[in-house]
2 protein chains.
Amino acid sequence: MPDDSWEPPPVLLAVDLVILTLRSMTLHVLLVERGIDPYAGTQALPGGFLSNASEGIETAAHRELREEANLDASRLHLEQLGAYGAPDRDPRGRVVSVAYLAIAPALPVPVAGTDAAAASWQPVHEVSLGRLKLAFDHEQILTDALERARTKLERTSLATAFCSETFTIAELQQVYEAVWGVRLDPRNFYRKIQRVPGFIVPAGPNQRTTKGRPARLFRAGTRTTLHPPLVRPGPSTTNEVHT
Amino acid sequence: MPDDSWEPPPVLLAVDLVILTLRSMTLHVLLVERGIDPYAGTQALPGGFLSNASEGIETAAHRELREEANLDASRLHLEQLGAYGAPDRDPRGRVVSVAYLAIAPALPVPVAGTDAAAASWQPVHEVSLGRLKLAFDHEQILTDALERARTKLERTSLATAFCSETFTIAELQQVYEAVWGVRLDPRNFYRKIQRVPGFIVPAGPNQRTTKGRPARLFRAGTRTTLHPPLVRPGPSTTNEVHT
DNA sequence: GCAAAAGTGTTTAGGATACACCCATGA
DNA sequence: TCATGGGTGTATCCTAAACACTTTTGC
């Protein structure tokens, strides 16, 4: 037991961002190439240290979002993932990083006006398949972020955060398919989504044209939680062969 | 933008524990009465600062679990909830606390051999109903912990962590009822649980006797994730009155 | 007209729910 | 034997899934 003069050890607090978006039907994450050691030249999640002792953690996340990804804090989903603070995760000293998950709609330019010019969108499967190595424990953070996104799609209206202001039901379906990694029946999805009151609401009588019949446009409704959840297909535990 | 001589501000890292258990059909949380300022005399979650710069965060959680609650780290569910670090949450300085959720089986003695003798199990509704105020932002942490527990009961076998080594299906049902705050049909619950392969496995031909017909005993199986989830009853969004 | 995508109808199987009923034990 | 909780059977409702089919556009 420590004596009265004992003082707790200080740590350095960092923020890391997992910024996900949908580009050409597949899930992408924003990565930056590190310019300094440790891990110079390696791809890493955008992030940085607390700027001063009175800065809030989420405030720091918003700041990094602006500085490193040129993304506006508003009109963007941001939630905390957790703290990552293994004693040996950073050779510079005791660093604890609070990771955040951000969801952005598909953007025209990869990253416009980025602080670190080395920023780029990378398909998440490049990382999960081991073809792209990340600095620190960022692969673990990304894995946790994906799992968080997958389950949140089931219980909340998070999927609309991947879409722009207005969107079609088919676009919303692409979000579910990309994040869950499954194929869904467009006809059943169409009705399933519309049967949830307040999930999506019609956005004017406007249509949109690409090929085939134009689709109706919707915008995100006010509902944030989905009860009952939209359960994703998966290894069913109950359906056993029983013959 | 900071110059080259800029150094990130240090923070003090603490760990807080939300230890939940089931006592006489209702959910309880372990609280300690603070002996020192700030918030001296107020109930608070057990926790403390990192003991030294090389201690892992989860290691610190385990240590506090032992020191403050006399609970063995093994045979106990422990997971991180997240970081709580509002700049003004602790008047002593910049403190960031990493909160953990622990689930313990019902214990014979409230808390045996506790470091802080002021530790006690309190019904969670005493806090959520506002009849018991907590120090710092611990009410928020407790709220988040409860929500985490509720959703994890749906998708994982976490419920068994509330039970002792062997348990009956009725005991498992009490866990779901207490955490979700609902009543479930015992007959349907009985089959629903048993239809999930690997969730619970029979524990010998032993029975147990109280009143009425003895129940079969089970122990936790190897399965940790439930697919599809055990969806809790709630405000159904789809079932609208349509007459 | 034809291709392509949007949107609708309908059938079927499996799970959720409600509840009648039987079983095993203590007192 | 009765009360009490454990465990089984079963009918009904509802949803998910599969898929045939119609609609609306561009070319």
Side-chain angles (χ1 to χ4, degrees), chain A residues 25 153-154 163 166-174 176-177 180 182-197 199-200 202-218 226-243, chain B residues 25 153-155 163 166-177 180 182-197 199-200 202-218 226-243:
Chain A
M25 311 277 286
L153 244 55
E154 295 187 290
C163 302
T166 63
F167 51 89
T168 68
I169 293 187
E171 287 168 345
L172 192 63
Q173 181 181 342
Q174 288 174 14
Y176 280 91
E177 292 185 331
W180 284 349
V182 297
R183 300 289 298 172
L184 300 171
D185 184 303
R187 290 100 69 175
N188 292 335
F189 184 84
Y190 183 90
R191 280 170 296 197
K192 196 166 181 169
I193 295 300
Q194 286 205 304
R195 258 191 287 135
V196 183
F199 188 4
I200 58 174
N206 351 7
Q207 315 266 0
R208 183 188 293 181
T209 171
T210 46
K211 192 160 46 166
R213 176 175 176 174
R216 299 179 196 153
L217 287 179
F218 297 84
L226 271 30
H227 257 285
L230 264 45
V231 179
R232 71 172 177 267
S236 183
T237 63
T238 55
N239 292 356
E240 301 286 275
V241 263
H242 48 69
T243 46
Chain B
M25 312 275 288
L153 243 55
E154 295 188 289
R155 330 203 73 72
C163 301
T166 62
F167 51 87
T168 67
I169 293 187
E171 287 168 346
L172 192 64
Q173 181 181 342
Q174 287 174 14
V175 173
Y176 280 90
E177 291 185 332
W180 284 350
V182 297
R183 298 290 298 173
L184 301 172
D185 185 302
R187 289 98 59 157
N188 292 334
F189 184 84
Y190 184 90
R191 281 170 296 198
K192 195 168 183 170
I193 295 300
Q194 287 205 304
R195 259 192 286 135
V196 183
F199 188 3
I200 56 174
N206 353 6
Q207 315 267 2
R208 184 188 294 181
T209 169
T210 47
K211 192 161 44 169
R213 176 176 175 174
R216 300 180 197 153
L217 287 179
F218 296 85
L226 271 31
H227 257 284
L230 265 44
V231 179
R232 69 169 177 268
S236 184
T237 64
T238 56
N239 293 355
E240 301 286 275
V241 261
H242 46 69
T243 45

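Naming: A, B, ... by sequence-line order, numbering from 1 per chain.
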Exercise for the section: Taking all heavy atoms of Lys192(B) and all of Leu230(B), pick out the closest pair and write down the distance. Expected result: CE-CG, 4.5 Å

Handout entry: Residues which pass side-chain contact (heavy atoms from CB on, under 4.5 Å) with Val231(A), listed by chain and number, not counting sequence neighbours
Key = Glu154(A), Pro229(A), Pro228(B), Pro229(B)

Fill in the blank from the handout: Here the distance between atom P of dA5(C) and atom CZ of Phe189(A), to the nearest Å, is 17 Å

Problem - Residue Ala215(B), side-chain atoms from C-beta onward, closest of dA6(C), dT8(C), dG7(D) - result: dG7(D)

Completion exercise
Heavy-atom closest pair (Leu153(B) atom, Leu226(B) atom, distance to 0.1 Å) is O-CD2, 4.3 Å

Handout entry: Interatomic distance, Gln173(B) CD vs dG5(D) P [rounded to whole Å]
Key = 13 Å

Fill in the blank from the handout: Residue set satisfying side-chain contact (heavy atoms from CB on, under 4.5 Å) with Pro186(A), at least two apart, ordered chain then number -> Gln173(A)

Completion exercise
note: Ile169(B), atom CD1; dG5(D), atom C1'; distance rounded to Å ~ 13 Å

Handout entry: Gap between atoms CD and P, on Gln194(B) and dG7(D) respectively (whole Å)
Key = 8 Å

Fill in the blank from the handout: Note: Leu184(A) and Glu177(A) closest approach over all heavy atoms is N-OE2, 2.8 Å

Practice task
Using a 3.5 Å limit on both pairing distances, list the dot-bracket string of DNA chain C from the 5' end; Watson-Crick and G-U wobble pairs count, crossing pairs take [ ], interstrand pairs take |.
Solution key: |||||||||||||||||||||||||||

Problem - Arg216(A) side-chain proximity, nearest of dA16(C), dG6(D), dT8(C) - result: dT8(C)

Handout entry: side-chain N/O Tyr190(A) vs dT8(C) OP1/OP2, d < 4.0 Å
Key = yes

Exercise for the section: Working to the nearest 0.5 Å, report the span between CD1 of Ile169(A) and OH of Tyr190(A). Expected result: 5.0 Å

Fill in the blank from the handout: The contact string for nucleotides 18-27 of chain D, one letter per nucleotide 5' to 3', using protein heavy atoms under 4.0 Å with B, S and - for base, sugar-phosphate only and none, comes out as BBB--BBBS-

Problem - Nucleotide dT15(D), atom P - distance to CG of Leu230(A) in whole Å - result: 13 Å

Handout entry: Partner residues of Phe189(A) under the ring-ring contact (aromatic ring centres under 6.0 Å, His included) criterion, sequence neighbours left out
Key = Tyr176(A)

Handout entry: Between P of dA16(D) and OH of Tyr176(A), the distance in whole Å
Key = 13 Å

Exercise for the section: Using the test side-chain contact (heavy atoms from CB on, under 4.5 Å), find all partners of Arg191(A) that sit at least two apart in sequence or belong to another chain. Expected result: Arg187(A), Asn188(A)

Fill in the blank from the handout: Between CZ of Arg195(B) and P of dG7(D) the distance, given in whole Å, is 16 Å

Practice task
Rounded to the nearest 0.5 Å, what's the gap from OG1 on Thr166(A) to CD1 on Ile200(A)? Could you check?
Solution key: 11.5 Å

Problem - d(CG, Leu184(B); P, dA18(C)) in whole Å - result: 10 Å

